Amino acid sequence: MEINKIKCGKFSFNVPNFDLKLTMFSGQTSQPPWKHKNDYYQELIFIEDKPCLIKVRQKNNHLEVKYETDTKVSPQDIKKTIKYIFDLEFNLDKFYFNFTQNDSIFSRIVEKYNGLRLFLAHNKYECIISSITSANNSISKWTRSILRIKEKLGRKYVFPSSEEMYYFPDPETVLENKDKLKYCGVGYRYKYIVETTKILYENLSIDEVNKMEYDEAFETLLELPGVGPKVADCILLYGFRRYEAFPVDIWITRAIKDLFGVSKDIREFGQSKFGKYAGYAQLYLYQYIRHKK
DNA sequence: CTTGGACCTGA
DNA sequence: CAGGTCCAA
């Protein structure tokens, strides 16, 4: 699909404590890392229902943005979207302050991964499928699967710069092209993806889940095939920006055992210890334990 | 309510 | 061989 009534532009703005590369490559299941091209990271995002090609790169404390989009979309809209995706309004220093008091371990973790933030979903359905695909899977494998789904089932958009981008298919398209899904390397998760997609298409609106309180949303997501406690918390954290979510995988289990000597009811432990910062604490604990020798 | 085997893919 | 969820026991 070609894009008409296009305007191109660029701007830059100051960002707070932020590390774009670290954030994008920290394994968050909202989406795969953006495509790296000509020193920028780029993605196709819908803003005001219009396709928008966004390119970003970081130079110290400012973010440089280039865009190609419909004339109806303003640079302010784009900036707002970028701020949302990288959670730039979140007060990281306050989070650091809260957990580094009298805690040398957390101080070192926070120092080492300074600027790590949430990488939030621009498409909640893509986040749900990414999270299901990530279960019992490696980061490189689930991201490759999602990229394949975009290319094989997604719609292609060609921008004026002749840049070609694919957008993650909607539930209806996935159900109509189940056969193609089989060649995206999702393995036995295939049936989870199809069944969950059916439910999202017929019975459960993502917007409804978004309106629920955290606990109700968690329980509702658990009803979806392929969604257990870990995946539900990934969806809530990376897809719905619920800071109290604390996704527990094998690495977080190790980190909590390593740092606090706790080895059961890890999710409850994390949520009560870190409260509204549970999601952010999980981000940093994950980096810590994965890089620990 | 708890446990442990089966499930796919690609390093 | 790693890695969450499901299902049967």
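Letters go in sequence order (proteins before strands), and every chain restarts at 1. None of the values given here were measured: they were computed from a predicted structure.
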Which residues pass the side chain to side chain contact (heavy atoms under 4.5 Å, CB included) test with Lys59(A), sequence neighbours left out?
Asp39(A), Arg57(A), His62(A), Glu64(A)
With sequence neighbours excluded, give me every ring pair (Phe, Tyr, Trp, His ring centres under 6.0 Å) pair touching residues 257-276 of chain A.
Phe99(A)-Phe274(A), Phe106(A)-Phe274(A), Phe260(A)-Phe269(A)
Interface limits on DNA chain C, where chain A has a heavy atom under 4.0 Å of a nucleotide atom
dA2(C) to dC6(C)
Between Asp265(A) (CG) and dT2(B) (C1'), how many Å, whole number?
12 Å
Answer whether the closest heavy-atom distance between the side chains of Leu204(A) and Leu224(A) falls below 4.5 Å.
yes
CZ (Phe18(A)) and CG (Asn60(A)) are apart, to the nearest 0.5 Å, by 13.5 Å
Calculate, to the nearest 0.5 Å, the distance between atoms OG1 and OH belonging to Thr29(A) and Tyr238(A) respectively.
6.0 Å
Kindly state which residues belonging to residues 242-255 of chain A come within less than 4.0 angstrom of DNA chain C, counting heavy atoms of the residue only, listed by number.
Asp249(A), Ile250(A), Trp251(A), Arg254(A)
Closer than 4.0 angstrom, basic N to acidic O: yes or no for Glu68(A) and Lys7(A)?
no
Residue pairs involving residues 168-214 of chain A (criterion ring pair (Phe, Tyr, Trp, His ring centres under 6.0 Å); sequence neighbours excluded)
Tyr125(A)-Phe168(A)
Specify the residue among Arg290(A) and Val227(A) whose closest nucleotide of DNA chain C lies further upstream toward the 5′ end.
Arg290(A)
To check you understand the geometry: which heavy-atom pair defines the closest contact between Gln287(A) and Ser26(A), and what is its length?
NE2-CB, 3.3 Å
Main-chain N/O of Trp142(A) paired with Ser134(A) side-chain donor or acceptor, under 3.5 Å
no
Stretch residues 133-150 of chain A: residues that reach within less than 4.0 Å of DNA chain B through a heavy atom
Asn136(A), Lys141(A), Arg144(A), Arg148(A)
Against Phe218(A), only a single residue in Val209(A), Ile235(A), Leu236(A) fulfils side-chain contact (heavy atoms from CB on, under 4.5 Å); can you say which?
Leu236(A)
